[in-house]
Enquirer: 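Please find one structure pasted underneath; my questions will follow.
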Amino acid sequence: MTGETRLAARYLRKEFNAPGTIKSARLYITGLGFYECYLNGEKVGRDVFAPTATDYTKHVNYNVYDVTNLLNNGGNTVGVILGNGRYFSMREHGVRNFGFPKLLMQLEIEEKDGKRTVITSDETWKITTDGPIVANSEFDGEEFDANRILHGWCENGYNNSGWLNAGQVTPPGGKLIAQRNPNIQIMKEIKPVSVTPTGKGSYMVDMGQNMVGWLAIQGKAKKDKPVTMVFAELLTPEGNLYLDNLRSAKVTDRYIPAGDGLFSWEPRFTYHGFRFVEISGLQEAPELEDLTGKVIYDRMDDTGSFYSSNELLNQIHKNAYWGIIGNYRSMPTDCPQRDERMGWLGDRGMGCVGESFLVEQALLYEKWIEDIRDAQKPGGSIPDVAPDYWDVRTENVTWPSAYIFAINMLYEQYGNTRPVKEHYPAMKLWINHILSNFTTDYIVTKDTFGDWCMPPERQELIHSEDPARKTDGAILSTTFFYRLLQIMSKFADLNEYAADKEEFDQLALKIKNSYNEKYLNKETGQYGNNTVTANMLSLVLGLTPAEYQEKVFENIVAKTEGEFNSHVSTGLIGIGYLMRGLTHNGNPELAYTIATNTTYPSWGYMIEKGATTIWELWNGDTADPAMNSANHVMLLGDLMIWYYECLAGISTDKTDVGFKKIVMRPFFPEKLDFVKASYNSVYGTIRSEWQKTGNEIEWTIEIPANTTATVTLPKGMTVEIQREIKNRSITDDVTSFNLPSGKHILQLK
């Protein structure tokens, strides 16, 4: 991308009178791209980057605050700063531009005698662009000139005679709606682990963690000599910032002091994905306590905890967590550091389920699926990116399938049926669009991205050039489409659309038969060219006939253990099903080996190379910097699901969803001594902790009130429990039984 844009922040103010005794006051506000609102010098709320970003021609979110305690009986001043955000384009070309920042606000004041005063954004306001924020951009950073600080600008009595009169502007066009999902906030603060002189007059700061947000700084500077901060995720071998993977993003914050001596500053309308910061312009070295990393993401609670006897597993879980929260920016983004940061659908197909175990992200995903629906064309086409700040619309199946997968996640993990009902027409429209335009003889022929970013044969490559490693695109699209039809059949049933359900079921059967006729080698049990992805998708998504399932799985294991030395050979698509596919089909130890590998390609390899988040590429340390983000989550696939469902044994029943009925079916790897995990479901905290002692395992389970659990043990394992077990059954040497709510201690042998 080229054509950087610069635009100063807008400052608006209005003085008004609240004549009576105030009983209550409520503020309704939206400012595009971002706003910060002040009443009598105090900031309203803790939110940053509000409101959450949308396609502003379709929807505009507004926020509501109780501001009773911020108002005076008598004279008051309201002030608003407008930042650019996603409204004013971050690039002259390539990123959608909606126009110049604008404000819509209504303050409703109720007095104790029942009278109401309403203050609105109108031509009586004053506006200026001559404030200290002279430039702000998500890609390029923020520039702040302390010489231009408007002291007292949002307080009574400020002289705004040099300001302009505000004018009415054209609205963005989108429907104004009350925002249901929380805004972004500063969710954590971390201190750097070191500050090192570079030998060229600057200082290199190491935060110790790849984080997303900004750096708050205090230090000593000289008047009008800029203090510059440049951000990066990585260092070069020489110890300099590695900027090649940031493309055109300038990632630079600049503070211009108004005088000599101490200063304190942090930006308002920019953020960075970084671990390292090079600071220049200071008069002396900063101390660690002078610097604070402000970690931002959409306000939400942590829901999952996981700890085990394997420190590598624990670190991978930590890396995944930091990668997930680092890519929540009012949408699930692909990366937080370069000139992209977009809501790519393909990254979240299975990832959204794993994320739900770690953080309570339901409202964020409810918002995002509305963004996807907003981007749908009248004929049904769904883009690859939403909101569609980039209009990428390749008409493949695997990327847009995240729309339906995310709705299914909200239903299964949270028991939320509203999206199933509200989005059903749009989902069906897309299904029919694919069926009508990209299907031949019940094979979905359209695919664009393949099994994106599978490990290439040479570590300097981004994408493999070896045809034997590449999965046929029609295999990917057809298997996914088959799975989507299964979900749509369930959704039709939930909506009581019997005819639709029958249609989806019949279509799925025809696709399954046609697919196996075309791609299954019945002699060898191989699909297509026998990639792990082709075989695994066919098996796990339910297309493989029962009589061939064992043979297909044998090919998966043989390929993984032999040709790939028990390492990952899948990309974004295959990794969504690999870990659970291996575990549930009879080889959990191979899944454990893959999870704990430390050589390329593996999550452990990333950690061996110093990663504190998850990379975009399995070979992110050696590949072309054009695409080697150090903070991506797409290659997590189903790993976090596997942690909680397979290692801890915490999953929801697919009928009594939302963890109303809990399914507990762990496996106990030979090389793992204990697991301590919990998940805070919508019904309460589910806890699973097991510890090996000799040939026995003590397993403590806590089941929240108003739920039950079905426990299934690995084959050949027996159980003793402190209370009577009801509904115990043993089938093929596999023991299952039900447990009520409460705490249970099981002795397994």
Side-chain angles (χ1 to χ4, degrees), residues 12 26-35 37 45 47 49-65 80 82-89 95-108 118-122 166-184 298-299 329-332 342-343 345 362-383 385-391 393 400 402-404 406-407 410 416-430 433:
L12 298 101
R26 183 165 291 185
L27 176 70
Y28 302 84
I29 184 170
T30 187
L32 307 179
F34 300 140
Y35 72 85
C37 184
D47 298 332
F49 298 170
T52 50
T54 59
D55 176 346
Y56 305 103
T57 67
K58 301 292 181 63
H59 277 112
V60 175
N61 289 326
Y62 69 86
N63 304 132
V64 185
Y65 299 94
V80 176
L82 295 180
N84 299 325
R86 295 290 175 103
Y87 196 78
F88 179 76
S89 178
V95 182
R96 194 172 176 188
N97 185 37
F98 296 90
F100 293 108
K102 53 197 63 177
L103 169 70
L104 183 65
M105 191 211 79
Q106 183 166 306
L107 174 60
E108 297 183 357
V118 178
I119 308 298
T120 61
S121 48
D122 56 24
Q168 287 191 358
V169 294
T170 303
K175 181 181 179 181
L176 195 63
I177 61 172
Q179 183 176 307
R180 291 191 299 194
N181 57 298
N183 279 311
I184 299 167
D298 300 70
R299 180 172 59 82
R329 228 300 275 133
S330 83
M331 70 197 82
M342 295 293 175
L345 274 68
L363 291 175
L364 174 65
Y365 270 89
E366 277 200 71
K367 181 265 182 188
W368 192 48
I369 59 176
E370 291 174 358
D371 293 331
I372 298 171
R373 183 173 58 182
D374 280 349
Q376 186 175 32
K377 296 290 188 184
S381 174
I382 289 177
V385 175
D388 58 347
Y389 304 125
W390 285 355
D391 190 17
R393 204 172 294 267
Y403 180 43
I404 294 177
I407 293 171
L410 291 169
N416 189 351
T417 59
R418 182 173 60 193
V420 175
K421 299 178 184 299
E422 290 183 352
H423 290 263
Y424 185 86
M427 291 187 287
K428 183 180 177 182
L429 182 63
W430 178 65
H433 171 70

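Throughout, residue positions are numbered sequentially from 1 according to the sequence presented.
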Enquirer: Mind checking the NE2-CD spacing from H433 to Q376? Nearest 0.5 Å is all I need.
Expert: 9.0 Å
Enquirer: Going by side chain to side chain contact (heavy atoms under 4.5 Å, CB included), H59 matches just one of Q179, K367, K175, R373. Which one?
Expert: K175
Enquirer: Report yes if some heavy atom in the side chain of Y365 is under 4.5 Å from a heavy atom in the side chain of L410; otherwise report no.
Expert: yes
Enquirer: Going through the distances and angles, do D55 and R96 end up as a salt bridge (Lys or Arg N to Asp or Glu O under 4.0 Å)?
Expert: CA-CA 10 Å; D55 176 346; R96 194 172 176 188; 3.1 Å; yes
Enquirer: Assess whether side-chain contact (heavy atoms from CB on, under 4.5 Å) is satisfied between E422 and I369, documenting all intermediate values.
Expert: CA-CA 11 Å; E422 290 183 352; I369 59 176; over 6 Å; no
Enquirer: Over 60° means perpendicular and under 30° means parallel, so classify the ring planes of H423 and Y403, tilted if in between.
Expert: perpendicular
Enquirer: If you define the side chain from C-beta out and look only at heavy atoms, does anything of P387 sit under 4.5 Å from D374?
Expert: no
Enquirer: What do you reckon, is OH of Y28 surrounded by more than 12 foreign heavy atoms closer than 6.0 Å?
Expert: yes
Enquirer: Report yes if some heavy atom in the side chain of S89 is under 4.5 Å from a heavy atom in the side chain of V95; otherwise report no.
Expert: yes
Enquirer: So, taking the atom named NZ in K421 and the one named CG in N416, what distance separates them when rounded to the nearest 0.5 Å?
Expert: 10.5 Å
Enquirer: With a 6.0 Å cut-off (strictly less than), is the heavy-atom count around CZ of R26, excluding the residue itself, greater than 12?
Expert: no
Enquirer: Give the minimum heavy-atom separation between L82 and G31, together with the two atoms involved.
Expert: CD2-CA, 3.8 Å
Enquirer: Please give me the minimum heavy-atom distance between F100 and Y87, naming the atom from each residue.
Expert: O-CE2, 3.2 Å
Enquirer: To the nearest 0.5 Å, what is the distance between CZ on R299 and CG on L363?
Expert: 9.0 Å
Enquirer: What heavy-atom pair brings P383 and L345 nearest, and what distance separates the two atoms?
Expert: O-CD2, 3.6 Å
Enquirer: Please work out which of the three classes, parallel, tilted or perpendicular, describes the rings of Y389 and Y56, given edges at 30° and 60°.
Expert: tilted
Enquirer: Given side-chain contact (heavy atoms from CB on, under 4.5 Å), test N97 with F88 step by step and report yes or no.
Expert: CA-CA 5 Å; N97 185 37; F88 179 76; 3.9 Å; yes
Enquirer: State, to 0.1 Å, how close D371 and S330 come at their nearest heavy-atom pair, and which atoms those are.
Expert: OD2-O, 4.5 Å
Enquirer: Any side-chain heavy atom of P400 sitting closer than 4.5 Å to one from W430?
Expert: yes
Enquirer: State the CG-CG distance between N61 and L32, to the nearest 0.5 angstrom.
Expert: 9.5 Å
Enquirer: So do the side chains of N181 and E366 get within less than 4.5 Å of each other, counting heavy atoms only?
Expert: no
Enquirer: Specify the closest pair of heavy atoms between L12 and A166, including all atoms of both residues, with the distance to one decimal.
Expert: CD2-CB, 4.5 Å
Enquirer: How would you list, by chain and number, every residue that makes a side-chain hydrogen bond (donor to acceptor under 3.5 Å, both in side chains) with N84, sequence neighbours excluded?
Expert: N136
Enquirer: Nearest 0.5 angstrom please: Q106 CD to L27 CG, how far?
Expert: 9.5 Å
Enquirer: Could you tell me whether the side chain of T30 and the main chain of L104 form a donor-acceptor pair under 3.5 Å?
Expert: no
Enquirer: Main chain of P51, side chain of N183: is a donor-acceptor contact present, judged purely on distance under 3.5 Å?
Expert: no
Enquirer: If you measure from CD1 on I382 to CE on M427, what distance do you get to the nearest 0.5 Å?
Expert: 9.5 Å
Enquirer: Provide the closest heavy-atom pair for M331 versus A53 in the form atom of the first, atom of the second, distance.
Expert: CE-CB, 4.0 Å
